[in-house]
Chemist: 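Quick one: this structure, given as structure tokens, is what I'll be asking you about.
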Amino acid sequence: MALSIKHQFYFSQSSNMVWAYLTNAELLQLWLMKNDFQPIVGYEFTFNTKPKPDLHFDGIFYCKVLEIIPFKTLSYSWKGGPGDGIITLDTVVHWTLVEEAKGTRLLLEHTGFDEVKNLVLQAGMTEGWVKHVQKIIDHLNAAPHGTTNV
Amino acid sequence: MAQPMFDAFQVIADPSRRKMLALLYNDSMTISSLAENFDMSRPAVSKHIKILQSAGFISIKDVGRERYCTLKQEGFNEVREWMNYFDKFWAAKLKNLEALLNNNARN
């Protein structure tokens, strides 16, 4: 089971217009963060923001373009940490655009918050342990997230 | 000697510590019985236990002459903190985008 954050927004603009705001570095900076994004699969880029000491985060998200289907989907890895090349957050951001009669539906899914699951898989657990860990995952899922904004 | 600070992810990154957490999931264990499962020195085992304790994954309680380790769930809170952070983050950023696009449409 994947722990993920989902948001959905509806815009009255065309998918081409919304796509531009997702893939043009200058337009992207206007609403998201300073970045050096380029719409090329495999391209590595960063987003820069304020550090968050509470989260042991130095303010740089290290990203790599994973998939592009023009005007439809875009995904990139989204990593971060306290600095010195230490990565403590290893996630993926997926964007999906759906063209509708009078606009565009934009879906965001931020996935990979699966450390608890990885803990289970990598440690070679028994079935009983997996069942117990399911409880932690359920507990984490009970946290207030996954809000959908339409 | 000062104990270095480890965050939840660094704690989980070590296979010995993951195995310790796995062993402790079923029941509390003494440090000695935990150590029996590892091919490493007792001080090395103690060091891992200290890290698990300082990160909030386990608590240690003295019962007679034995020290018992018990798994706590608080160590997993960091994942939740990140998720809460990004949930608000994306909601705010997408509102920015909405405002930009609407502004654009009017001009």
Side-chain angles (χ1 to χ4, degrees), chain A residues 3-13 17-18 21-22 27-28 30-33 49 52 54-57 78 80-82 86-91 93 104 106 108 110 113-116 118-120 122-126 128-129 132-133 135-137 139-140 142-147 149, chain B residues 4-28 37-38 48 52 55-58 71-107:
Chain A
L3 295 174
S4 67
I5 295 167
K6 286 181 192 172
H7 283 274
Q8 183 173 257
F9 262 68
Y10 184 81
F11 301 107
S12 53
Q13 288 76 16
M17 171 89 99
V18 176
Y21 277 84
L22 289 178
L27 294 177
L28 196 53
L30 293 176
W31 64 275
L32 188 51
M33 282 177 282
T49 186
K52 295 257 165 215
D54 297 356
L55 290 166
H56 307 287
F57 171 57
W78 183 279
I86 300 165
I87 295 299
T88 53
L89 174 82
D90 188 351
T91 57
V93 171
T104 307
L106 177 66
L108 159 73
H110 192 167
F113 297 92
D114 296 349
E115 281 66 24
V116 178
N118 290 340
L119 165 71
V120 183
Q122 292 168 27
M125 312 283 168
T126 63
W129 159 248
H132 284 302
V133 167
K135 285 181 203 160
I136 299 185
I137 295 171
H139 178 71
L140 286 166
H145 68 262
T147 333
N149 297 296
Chain B
M5 278 297 289
F6 285 82
D7 61 46
F9 296 93
Q10 286 171 291
V11 170
I12 289 175
D14 182 275
S16 301
R17 291 199 285 272
R18 283 202 303 270
K19 192 177 167 190
M20 285 177 182
L21 291 175
L23 290 165
L24 288 171
Y25 214 96
N26 294 320
D27 206 356
S28 298
N37 293 280
F38 295 90
H48 284 305
L52 288 173
F57 279 93
I58 63 168
L71 191 70
K72 297 185 356 180
Q73 291 200 357
E74 287 85 343
F76 298 111
N77 282 357
E78 190 160 335
V79 178
R80 192 162 41 170
E81 279 170 25
W82 270 116
M83 293 189 73
N84 285 339
Y85 169 71
F86 281 117
D87 194 41
K88 292 191 191 92
F89 173 89
W90 288 118
K93 296 298 184 186
L94 285 163
K95 282 211 168 73
N96 292 346
L97 177 60
E98 192 177 39
L100 264 175
L101 284 165
N102 286 336
N103 209 12
N104 230 4
R106 261 183 243 118
N107 294 334

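Predicted model, so just to flag it, every value in this text is computed and none were measured. Atom set for the values below is all heavy atoms of this structure, side chains included, hydrogens, waters and symmetry mates excluded. Below, chains carry the letters A, B, ... as their sequence lines are ordered, and counting in each starts from 1.
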Chemist: Could you walk me through whether A:Phe11 and B:Leu97 pass side chain to side chain contact (heavy atoms under 4.5 Å, CB included), step by step?
Modeler: CA-CA 9 Å; A:Phe11 301 107; B:Leu97 177 60; 3.8 Å; yes
Chemist: Given heavy-atom pairs under 4.5 angstrom as the criterion, report whether the side chain, backbone, both or neither of A:Leu28 touches chain B.
Modeler: neither
Chemist: Taking side chain as everything from C-beta outward and backbone as N, CA, C, O, which of these in A:Leu32 sits under 4.5 Å from a heavy atom of chain B? Side chain, backbone, both or neither.
Modeler: both
Chemist: Measuring from atom OG1 of A:Thr49 to atom NZ of B:Lys93, what distance do you get when rounded to the nearest 0.5 angstrom?
Modeler: 5.5 Å
Chemist: Does the side chain to side chain contact (heavy atoms under 4.5 Å, CB included) test come out yes or no for B:Leu101 and A:Ser12, once each step is laid out?
Modeler: CA-CA 9 Å; B:Leu101 284 165; A:Ser12 53; over 6 Å; no
Chemist: Quick one: CG on B:Asp87 to NE2 on A:His7, what's the gap to the nearest 0.5 Å?
Modeler: 4.0 Å
Chemist: Quick one: pull up OH in B:Tyr85 and NZ in A:Lys52 and give me the separation to the nearest 0.5 Å.
Modeler: 4.5 Å
Chemist: Test A:Phe9 against B:Lys95 for side chain to side chain contact (heavy atoms under 4.5 Å, CB included), laying out the working first.
Modeler: CA-CA 9 Å; A:Phe9 262 68; B:Lys95 282 211 168 73; 4.0 Å; yes
Chemist: What's the verdict on side chain to side chain contact (heavy atoms under 4.5 Å, CB included) for B:Phe86 and A:Thr91, showing C-alpha distance, side-chain angles and the deciding distance?
Modeler: CA-CA 11 Å; B:Phe86 281 117; A:Thr91 57; 5.6 Å; no
Chemist: Counting C-beta onward and ignoring hydrogens, is there a side-chain heavy-atom pair between B:Phe89 and A:Ile5 closer than 4.5 Å?
Modeler: no
